[in-house]
Amino acid sequence: MAASSNLSRIGLAGLAVMGQNVALNIAEKGFPISVYNRTTSKVDETVERAKQEGNLPLFGFHDPESFVHSIQKPRVIIMLVKAGAPVDQTIKTLSVYMEKGDCIIDGGNEWYENTERREKAMAELGLLYLGMGVSGGEEGARRGPSMMPGGSFEAYKYIEDILLKVAAQVPDSGPCVTYIGKGGSGNFVKMVHNGIEYGDMQLIAEAYDVLKSVGKLSNEELHHVFSEWNNGELLSFLIEITADIFGIKDDKGDGYLVDKVLDKTGMKGTGKWTVQQAADLSVAAPTIASSLDSRFLSGLKEERVEAAKVFKSGGFGDILTDQAVDKKKLIDDVRQALYASKICSYAQGMNLIRAKSIEKGWDLELGELARIWKGGCIIRAVFLDRIKKAYDRNADLASLLVDPEFAKEIIERQSAWRRVVCLAINSGISTPGMSASLAYFDTYRRDRLPANLVQAQRDYFGAHTYERTDIPGSFHTEWFKIAKQSKN
């Protein structure tokens, strides 16, 4: 259908920071865009920014009707509003003015089942629906995010030209967007991305803790170490911003700002959802789970301050050992431990995505996910290129840990990894992420586990039966009776 020249190509509703930045990004790529927000001052603010940032083709509307009617048909509207009820409210407000064949895209961090429910409800009205994860924070949204659209393929094809230009562009690998799959798969993949991000951040925090508390590195030294690391295998957005953080002085007092930040972590819920999904799918994700537990514990600041007093009297300072540490060796060990732990965290995330994909029949391509995470998003890292190659070598890879390249890297790093975890334990410094990753690796690589004893216990008290290693079939033993007889 030919559009008249004064209609916008696309619309965007919800102009908080992410919404404004995505809208400006779209306009800057040459696609005229209409914007709308319930609080109209945000509309004016965005229009003003569009003027200042290069007279971009962005048009503001104060009421939903004129907003919807300003977009060429079939209309596409991206919503960037808070997950949950605000999304339903926005859909209700806009869909009244929309017509068959029009499309709504939810760009927020929504629970995937809500997207599937809305896609069905929209289909009954003749509207198309996409749930699209957007990662990259404010900067990514403005300069080029990683985007994970799932739902109606027809809707995706209609805006593919826009998404391919708006997404982060990675040399030799292309725009960081792809059609993820049916239903709520885009939201699910973004949720697991955030779970992996939780794990990554926790592992980096533990590396910092060991270097600072045991290695006694100053902020200047930490700034230098993380900057160095960002030139090698750990090159990533999170390592880069961590290096930046250590270099920033406090503008309200002496010293460095990082030391004045309260040690209580906030969260929005996607990490928690990831761990809940792992449990539902019976997929082990201990690194991600330990990062969530660490956030819960960090929230108990007052209790921790009291506990510190209780245990100080028993000879527990912050550090339990006062051994001399070879700084250079420690820095190198921690780098290797961080890398090996990270492989486990990503392996858990990928296994979770694959399990869900199998359950829902989504046919997700894990290598393609690694590719679109290479730029724009929070977990972007040179490391993702290796993950993509691992899946290129073998699309049915059981786990990243058994990919020949990753297996070799873990073998080379495992002694350093064990040294760091032992040093931390002996020093009374908690490294739950690194320890959970190591335990995950050590469990996964053993051909026999003590699970035989747990099965025997289950059969003893609950007659749950067990299988044998030597004879096929299910068995039950009257353990209690036999034990009683032998006691008499």
Side-chain angles (χ1 to χ4, degrees), residues 8-39 41-61 67-68 70-72 75-83 86-87 90-91 94 103-110 115 129-151 155-156 158-169 175-180 186-187 189-190 193-194 237 268 270 372-373 375-378 380:
S8 293
R9 171 73 165 81
I10 191 168
L12 188 141
L15 296 170
V17 178
M18 283 295 280
Q20 287 193 20
N21 284 351
V22 169
L24 291 162
N25 184 347
I26 291 171
E28 189 175 62
K29 299 301 185 293
F31 301 102
I33 185 169
S34 298
V35 299
Y36 164 75
N37 194 74
R38 220 175 42 175
T39 316
S41 59
K42 291 278 186 202
V43 175
D44 303 337
E45 193 183 300
T46 312
V47 168
E48 191 46 46
R49 276 188 67 187
K51 278 203 189 81
Q52 286 169 4
E53 295 181 25
N55 281 326
L56 304 175
L58 180 144
F59 310 97
F61 294 86
F67 163 67
V68 173
S70 72
I71 304 160
Q72 71 176 54
R75 303 182 185 95
V76 176
I77 297 176
I78 299 175
M79 300 179 294
L80 276 158
V81 296
K82 275 205 176 85
V87 174
T90 307
I91 290 173
L94 300 175
C103 167
I104 296 180
I105 300 172
D106 177 8
N109 276 332
E110 187 53 277
T115 295
Y129 197 79
L130 281 175
M132 179 170 75
V134 178
S135 178
E138 302 176 26
E139 193 58 26
R142 181 67 186 84
R143 307 276 159 232
S146 171
M147 292 178 287
M148 298 153 245
Y156 172 73
Y158 183 63
I159 53 149
E160 186 177 40
D161 61 329
I162 299 180
L163 298 183
L164 290 174
K165 285 210 169 69
V166 166
Q169 310 290 321
C176 293
V177 63
T178 188
Y179 173 71
I180 302 288
N187 295 110
V189 165
K190 172 63 165 60
H193 161 287
N194 287 21
F237 173 68
K268 293 280 178 65
T270 42
I372 67 165
W373 287 344
C377 72
I378 303 300
R380 63 182 180 265

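FYI, the numbering just counts along the sequence from 1.
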Over all heavy atoms of both residues, which pair between Thr90 and Ala13 is shortest? Give the atoms and the distance, please. CG2-CB, 4.3 Å

Side-chain donor-acceptor contact under 3.5 Å, Thr115 with Asn187: yes

Taking only residues two or more places apart in sequence, or in another chain, which ones meet Asp161 in a side-chain contact (heavy atoms from CB on, under 4.5 Å)? Arg9, Phe31

For Glu138, does the CD atom have more than 12 heavy-atom neighbours from other residues, nucleotides or ligands under 6.0 Å away? no

Quick one: list whatever passes side-chain contact (heavy atoms from CB on, under 4.5 Å) with Arg75, sequence neighbours left out. Val68, His69, Ile71, Lys73, Glu99, Asp102

Identify which one of Val43, Asn37, Thr39 satisfies the side chain to side chain contact (heavy atoms under 4.5 Å, CB included) criterion when paired with Ser41. Thr39

Donor-acceptor pair, Glu28 side chain versus Ala50 backbone, under 3.5 Å? no

Output yes when a side-chain donor or acceptor of Ser146 lies under 3.5 Å from a complementary backbone atom of Gly376, and no otherwise. no

Do side-chain atoms of Asn25 reach the backbone of Ala141 as a donor and acceptor pair under 3.5 angstrom? yes

If you count the non-hydrogen atoms of other residues, nucleotides and ligands that lie under 6.0 Å from CZ in Arg49, is the total more than 12? yes

Across all chains, not counting sequence neighbours, the side-chain contact (heavy atoms from CB on, under 4.5 Å) partners of Glu139 are Arg143

Can you classify the ring geometry of His193 versus Trp373 as parallel (below 30°), tilted (30 to 60°) or perpendicular (above 60°)? perpendicular

How about NZ on Lys29, more than 12 heavy atoms from neighbouring residues, nucleotides or ligands closer than 6.0 Å, or not? yes

Would you give the length of the straight line joining atom CD1 of Ile372 to atom CD1 of Ile180, rounded to the nearest 0.5 angstrom? 4.0 Å

Do the side chain of Glu53 and the main chain of Lys51 share a donor and acceptor less than 3.5 angstrom apart? no

